[in-house]
Amino acid sequence: MADDRGIPVFSAQDITLSYGGDNILDGLTLNMHEDDRIGLLGRNGCGKSSLLKIIASGVAPSGILSYRRGMRLGVLPQDFMLDDTRSVLENILDGAKDIAAMLVEYEALPHDSVRAHELEDRLTLLKGWDLEAEARSLVLNLGTPPADAIVEPLSGGEKRRIALAKTLISQPDLLILDEPTNHLDSETIEWLEGTLRQFKGAILIVTHDRFFLDRVTNRIAELDKGRLTFFEGNYSSYLEQKSAMDMASEVVEHKRQQHLKKELAWVRAGVKARGCKSKSRVARYHAEASEEGFTEKLDIDLVIPKAPVMGNRTAELKNVSKSYGDKSLFDGLDIAFEPDKRIGVVGRNGLGKSTLLKIILGEVQPDVGTVEIGPRTVFNYIDQNRLNLNPDNSVLQELAGMNDWVKLGDETISARGYLRRFLFSDERINTKVGRLSGGERSRLLMAKILKNGGNFLILDEPTNDLDLPTLRLLEEALVAFEGSVLVISHDRYFLNRVCQQIVAFEGNGVVVTQEGDYDYYLEKRQERLNAAKKAANAPIKTKVAAPAAAPVAKATAAPAKAATPAAPATPARKLKWAEQKELDVMEATIAAAEAALEEIEGVLADPTTYMSRSKEIPELKAKRQAASDKVAAVYARWEELEKLKG
């Protein structure tokens, strides 16, 4: 299909890449323009990272790559490179070496020269006049270690933040980001979203963060069977369009199968007349039967092994405090973990989230307080950094060794069958671990750890490197799991779908426990901040009036007392008993209205709705509007009652 949007900043035409005889990319075409914010989707192992590497390197195994003259390319790959011997600031500035060279050249030229004017305009466009200030701003906004810290001893997550800063400071025309939100906390992700929305250039992103895709992208490119299919709009628009396409494909496939059944019956009946027309019909049947029809991609369930029976008491933290040196992580923390409860842990890195997990597991002792573990509680800690995979083993060998079976509690199933639950095809089951994609390794680690069982799952950033289809399956599996779940995650979409309670590390030793999902926590946090701001402003006004002399203060107060009787409306407008009762339950009323809205939005956000309930879509959308109006109405009523209350 021709692209009528003008000359692209980048173009890839007829790109083919093969591994072991299989085409990972098969005649792929991609054109990108200045205003494109493309999210690249596809299953792990489908070739997304390979495509990004080809674009970044400028070398394709076959096909044609074209870049606009003078185009600047910025790339954050999965496997980035930093100089471990240098500081954070020096590594970030390495991303702008050519800009620094322009600045040196400019300063050596006569200021009235043509070249100086060209460089002046270019440096202004590239924010090159004070690169160090720009780099320090990135250090602050991305939450990297201090600018003067040496890179070598830093963690992988800290290094990834530095690599992202190094990419952004280069001020590219085409920005390629492979999982940019990994190891970033929610506040930093929101900053990055805002930065990319203001970015003046084209962006190509691979990410599992669906909120990020929704807020940054304006096109989605889905990579499947070596080729790209494009969808206009963000991730939500993609889901709607994809569901409609799949539904149409399913209808077409159903008709094709019905036709094949009729033709098969005709062929089997054995036509007596063997004329040219009959032979042609037989040949046509065999040709149609050999065509590949529509197949539903999410046809395998990721099932978490059944949880052992739990007692009424799972785990409980009582008055727990923990500090390291002068830094207090939390103080007097009380959390009761209930059976069949899914809790999300959120907060910036370094505030104590992982320490909390280790205290629950008994790996770290609290300074003060107790941790009580139920007698039937069996932990299973899924930390992707705890296990190393042997790259020389096959997927099957890494999971089960020399065995053909795995034990899941009281159940014994085939190792191959278990791996299929984690979306490994028969071909990939025999693949060497060293040849797996990052997401496939994450799935294998998850399968390897989960087979150990347990009724209290503790997951530390489980969504990193998982593709979106696998993420959706993991979410469904966790919701169906009958044990307790405690998960650290910065994936806001994941937290909203899975968690029923949030434990938020807000800094300065403050830890807040809030019932509900992540969005509800944010809403309540904003209410607390507004209340604190209002309380903080109140004494300021008093202090301004304080310097006045006592007689003046009395004189000022007198009119207020005299004016009070002149306002009889105040006692007349006290809340009636029924109104007070209504106000007492208003928070619950609001929560119920929002829950009803969330439920209908969840139905409309589910791709299967457009396939199985397509005729109900107009009615569902009308219900969503009615639910939205209801939320607005109860908020308006709440404000009205609060004003009457005074």
Side-chain angles (χ1 to χ4, degrees), residues 186 190 193-194 197 210-218 220 231-244 247 344 472 475 479 491-502 514-531 533-534 573-646:
S186 299
E190 289 174 6
E193 288 170 352
R197 283 196 295 267
R210 289 152 289 185
F211 271 18
F212 190 82
L213 282 171
D214 241 12
R215 295 176 180 179
V216 173
T217 62
N218 56 23
I220 297 293
F231 301 83
E232 294 299 321
N234 61 7
Y235 180 70
S236 295
S237 298
Y238 154 77
L239 287 180
E240 292 185 3
Q241 295 173 65
K242 180 65 174 173
S243 297
M247 183 171 63
R472 290 197 293 269
E475 289 164 353
V479 170
D491 188 323
R492 298 154 291 179
Y493 199 105
F494 177 86
L495 290 166
N496 278 340
R497 286 203 67 186
V498 171
C499 296
Q500 305 156 305
Q501 182 177 332
I502 299 295
Q514 175 67 59
E515 291 292 329
D517 62 15
Y518 183 69
D519 279 348
Y520 190 64
Y521 154 73
L522 288 180
E523 179 184 328
K524 289 299 181 183
R525 180 173 181 266
Q526 189 59 51
E527 288 179 10
R528 286 189 282 110
L529 292 174
N530 291 341
K533 185 177 180 181
K534 185 176 180 180
R573 290 305 296 143
K574 281 185 177 179
L575 286 173
K576 298 178 182 179
W577 180 85
E579 290 173 331
Q580 182 62 57
K581 288 294 184 184
E582 184 182 0
L583 181 59
D584 289 343
V585 298
M586 186 53 73
E587 186 170 340
T589 303
I590 292 173
E594 290 180 331
L597 176 59
E598 182 179 352
E599 181 179 0
I600 192 66
E601 286 182 336
V603 172
L604 284 169
D606 186 349
T608 61
T609 300
Y610 295 82
M611 299 174 62
S612 60
R613 302 170 61 182
S614 58
K615 294 181 180 179
E616 300 177 44
I617 298 302
E619 180 184 353
L620 290 170
K621 288 185 176 180
K623 287 183 178 179
R624 177 177 60 183
Q625 185 59 52
S628 179
D629 293 343
K630 175 68 173 177
V631 170
V634 294
Y635 267 110
R637 178 58 174 164
W638 173 67
E639 291 178 2
E640 180 184 354
L641 292 173
E642 284 289 345
K643 287 179 181 178
L644 289 174
K645 181 182 177 182

Problem set entry | More than 12 heavy atoms of other groups within 6.0 Å of Lys630 NZ | no
Which atom names give the shortest non-hydrogen contact between [X] and [Y], and what distance separates them?
X      : Y      : result
Ile600 : Ala627 : CG2-CB, 4.4 Å
Arg215 : Arg197 : O-CD, 3.3 Å
Tyr235 : Arg210 : CE2-CG, 3.5 Å
Phe212 : Arg492 : N-NH2, 3.7 Å
Val498 : Val479 : CA-CG2, 4.3 Å
Val634 : Ala593 : CG2-CB, 4.1 Å

Is there side-chain contact between [X] and [Y], with heavy atoms separated by less than 4.5 Å?
X      : Y      : result
Arg525 : Gln514 : no
Leu529 : Lys533 : no
Tyr521 : Asp517 : no
Glu515 : Gln500 : no
Asn218 : Asn234 : no
Glu232 : Ser237 : no

For this session: Could you pull out all residues at least two apart from Glu523 that satisfy side-chain contact (heavy atoms from CB on, under 4.5 Å)?
Result: Tyr520, Glu527, Glu594, Tyr635
Distance in Å, [X] [atom1] paired with [Y] [atom2], rounded so as to fall on 0.5 Å steps:
X      : Y      : atom1 : atom2 : answer
Glu193 : Ser186 : CD    : OG    : 9.5 Å
Tyr518 : Leu495 : OH    : CG    : 7.5 Å
Leu597 : Gln625 : CG    : CD    : 9.5 Å

Problem set entry | Exercise: do Ser236 and Asp214 side chains pair donor with acceptor under 3.5 Å | yes
For this session: Take Phe211 and Asn496 through the side-chain contact (heavy atoms from CB on, under 4.5 Å) test and state the conclusion after the steps.
Result: CA-CA 11 Å; Phe211 271 18; Asn496 278 340; 3.6 Å; yes
